[in-house]
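Here's the structure we're looking at; comments come further down.
Numbered from 1 within each chain, the chains take letters A, B, ... in sequence-line order.
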Amino acid sequence: MASLHDQMAATGKVKRNNDLPKGVERLKEEHRKVVKDCRSQIEHWKKVENDYESLQDRLRTLPDKLSYDITVPFGPLAFMPGKLVHTNELTVLLGDNWFAKCSAKQADALVEHRKKHVKNTLDDLQKVMKNFQNRADFTDDIEKLTGDTGDFVDIREEVINEEEVAKGKHRLAHKPHSNPKQEYLLELEEDEEKKEGDEERTTGVLSEEELWARLDELEREEELQDERYRLDSTDTNGEDTTSSSEEEKEADGGSSVQVNGHQNENGWVPSSITSQMNGTNGSHPEDEEEEDCDEEAGNGLPTIYFSHTAEFKKVRINTGKNTTLKFSERNEQKAQAKRKKKSGKSNGHSPHECYKITSPADIYRVFVDLVNGEPIPRKSILKSRSRENSVCSDTSESSTADFEERRAVFGRSWSHDDATHSDTSDGITEEESPTGMSPRTNGRFEAFTGTVIEKDPLPCSIPHLTIAAPALPTIPERKLEEVGPEAPQEPPKRMSKFKATRLHQK
Amino acid sequence: MAEVIQKKLQSELEKYQQLQKDVSKSMSARQKLEAQLTENNIVKEELTLLDIQNTVYKLIGPVLVKQDLDEAKATVSKRLEYINGEIQRYETLLKEMERKSEQHREVLSSLQQEYQRAQGQAVGKA
């Protein structure tokens with residue numbers, strides 16, 4: 001008996017050491033056994049089915065003759081010639097010691113009925129076999145995963161709870177049923193009841209995490225929806241917001257914590273943060289980039305230099321209450337708009353493709369106004385005066401007062417001799433664009449068909465608005481907008497194009 | 001002390017094994033009943049396929065006894081009900097036995113632990 005116990009102890013220890021691979025082996029064995037059983041059973045039933053088939057054949061041919069001459073087995077060793085009579089009368093075993101006398105055709109029907117049962121059994125067995133086969137394969141995969149030589153690597157990141165999840169201020173949930181305070185409560189509970197069942201605790205924490213994850217998901221979805229809706233409804237509004245958002249984004253390098261506390265954009269924002277940091281820390285990389293761009297394009301085109309000012313924080317705060325939402329939305333919108341432009345341009349812009357487009361900046365270089373045969377870079381590819389002459393631009397119906405102001409300042413600070421805004425705004429009738437493009441762009445973008453009335457341009461409190469080629473025009477515009485009247489900034493974004501036109505026509 | 005535990009462990013083990021055997025027996029009986037159930041179902045269905053003209057026989061021992069079709073149908077239905085009842089009975093029985101065997105398993109494991117501890121102590125003493 002001692003030996004038995006020793007064995008048990010020994011096996012216990014051994015099991016602990018090699019638990020996983022042995023377990024997996026055992027599991028695989030069981031699976032294989034089941035699969036083998038299934039296979040043998042399937043074979044058996046298939047044979048039964050074949051037997052029934054041949055029986056049916058026999059039944060069909062049997063009543064053809066009144067009697068057959070047969071060799072009758074006589075005991076285990078002998079045969080005797082005999083006759084098979086009453087060929088249509090059959091005694092059928094129904095099962096469970098029940099017999100029935102019936103004709104060949106009736107017997108045929110019975111056999112058919114039995115075959116149905118056999119088929120059902122076969123199908124079930126097949127299903128079971130497939131199921132277990134899958135399970136076996138799955139365990140194989142798992143083994144590979146956890147094994148040393150697996151191709152897959154489990155990447156884990158230890159999360160130091162609240163710090164990493166939300167950078168900066170933790171967002172309040174917008175959903176009614178999610179209660180941020182719950183989390184803290186839960187933590188307290190954890191601390192207090194540490195000795196409580198692990199399961200309870202873990203399930204509690206999981207549910208919280210699940211809730212947060214679900215929250216984030218929903219928020220993301222909501223934002224995307226909003227963004228899409230906005231883009232669809234008013235294109236230029238989107239444009240404005242995107243342009244402003246980009247400026248915001250670039251301006252945000254300093255503080256940025258709050259804005260980037262947006263959990264949803266976590267993966268995306270960090271990249272933007274880095275770009276912002278790069279931008280703000282010295283605007284050097286950007287400046288260099290600009291300069292490079294200038295160098296490249298500087299042959300005939302005027303260059304636009306742009307640098308960040310210290311107005312950043314103000315800019316950010318002024319953008320509105322829902323900073324985070326807007327921020328991300330605008331960013332995405334801007335990205336989308338850029339993408340649109342890029343795609344739009346690339347679609348039909350082959351003649352202009354002498355410039356190789358490698359960065360968003362390049363896009364602007366290609367957007368040129370042909371004034372008197374000379375290519376003049378457009379101040380903004382977001383706005384266009386007339387539909388026909390626009391090159392791949394979304395017209396800004398909500399080109400509101402602010403916009404005019406922006407453009408005004410823009411024009412002034414532009415190093416290029418492009419005189420007054422009125423000139424630029426009205427005069428830049430884009431005869432340039434290849435006609436082939438315009439119909440296409442017309443179809444894609446909404447056109448602004450009203451007249452543009454210039455308002456008094458804001459005093460250029462921002463000393464240096466050197467704007468570099470492409471994306472940049474929008475940014476200083478945005479900044480101006482921020483620095484300027486804040487009030488009109490909010491409504492214009494949301495103004496419908498009709499209202500905007502009305503305003504202009506006033 | 002260790003020996004006492006050992007004896008206890010042994011008896012418990014035997015009881016547990018006995019219980020396991022009972023469980024397996026009930027299991028096989030239940031499986032048989034299930035086979036009969038399916039068979040009787042088929043018979044019932046096939047009887048419905050026949051008409052009154054066919055004579056139905058029941059095999060009792062070496063004799064085929066003529067039966068009425070309706071009678072046969074009734075008999076088969078009754079048998080089906082009986083089989084179902086038996087299956088239910090066996091189900092409950094199995095559950096009961098399973099529970100008991102679970103208890104025995106726990107007792108066994110606790111006894112085993114005690115025994116190991118006792119052995120450890122004995123080794124320590126010695």
Side-chain angles (χ1 to χ4, degrees), chain A residues 1-16 34 37 41 44-45 48-49 51-52 55-56 59 63 86-125 128, chain B residues 2-3 5-11 13-14 35-69 71-73 75-80 82-83 108-109 111-120 122:
Chain A
M1 202 54 208
S3 62
L4 171 69
H5 297 307
D6 287 340
Q7 264 181 34
M8 286 166 82
T11 48
K13 270 191 197 161
V14 168
K15 226 187 174 188
R16 254 172 266 140
V34 172
D37 281 340
Q41 283 215 17
H44 168 258
W45 284 110
V48 167
E49 202 180 8
D51 286 345
Y52 273 129
L55 179 65
Q56 268 187 318
L59 285 174
H86 294 291
T87 49
N88 207 25
E89 291 167 41
L90 297 159
T91 311
V92 180
L93 169 67
L94 303 172
D96 194 26
N97 289 342
W98 286 98
F99 290 84
K101 260 203 158 91
C102 35
S103 70
K105 282 210 175 150
Q106 285 168 332
D108 196 31
L110 283 171
V111 169
E112 199 60 50
H113 174 256
R114 282 188 206 176
K115 266 205 317 189
K116 222 194 321 176
H117 268 277
V118 171
K119 268 204 185 100
N120 286 339
T121 323
L122 259 177
D123 287 341
D124 287 341
L125 278 173
V128 169
Chain B
E3 289 169 5
I5 298 178
Q6 210 174 0
K7 277 194 204 127
K8 261 199 255 176
L9 201 65
Q10 213 169 336
S11 60
L13 205 69
E14 279 171 10
Q36 283 185 355
L37 183 78
T38 39
E39 198 182 3
N40 273 287
N41 268 321
I42 294 186
V43 172
K44 189 160 179 220
E45 284 165 21
E46 289 185 353
L47 277 175
T48 49
L49 282 174
L50 292 173
D51 59 1
I52 198 87
Q53 208 191 18
N54 314 96
T55 38
V56 181
Y57 297 92
K58 181 144 172 77
L59 181 70
I60 303 176
V63 181
L64 268 178
V65 181
K66 203 162 168 186
Q67 293 274 3
D68 201 11
L69 184 65
E71 253 186 71
K73 282 189 193 165
T75 319
V76 173
S77 318
K78 268 194 222 138
R79 184 148 171 80
L80 262 175
Y82 169 73
I83 291 174
L108 265 175
S109 62
L111 273 177
Q112 202 180 347
Q113 278 180 8
E114 254 189 71
Y115 179 71
Q116 281 183 349
R117 244 181 288 142
Q119 271 204 326

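- Within the 4.5 Å cutoff, the side chain of A:W98 has heavy atoms near those of the B:T75 side chain.
- In the model, B:Q36 has no side-chain atom that pairs as donor or acceptor with a side-chain atom of A:D96 under 3.5 Å.
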Just do the side-chain contact (heavy atoms from CB on, under 4.5 Å) check on B:L47 and A:L94 with the steps written out, would you? CA-CA 8 Å; B:L47 277 175; A:L94 303 172; 3.6 Å; yes
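- Per-residue heavy-atom pair counts under 4.5 Å with chain A were compared for B:T38, B:I42, B:L64, and the maximum is reached by B:I42.
- Nearest heavy-atom pair, A:A100 versus B:L50, reported as atom, atom and distance to 0.1 Å: CB-CD1, 3.3 Å.
- The CD atom of B:E45 sits 3.5 Å away from atom NE2 of A:H113, with the distance rounded to the nearest 0.5 Å.
- The shortest heavy-atom contact between B:N54 and A:S103 is ND2-N, 4.3 Å.
- Counting only heavy atoms from C-beta outward, the side chains of B:L49 and A:Q106 never approach each other to under 4.5 Å.
- Proximity of B:K58 to A:F99: side-chain heavy atoms (C-beta onward) are nowhere separated by under 4.5 Å.
- Note that CD of B:E39 is 11.5 Å distant from NE2 of A:H117, once rounded to the nearest 0.5 Å.
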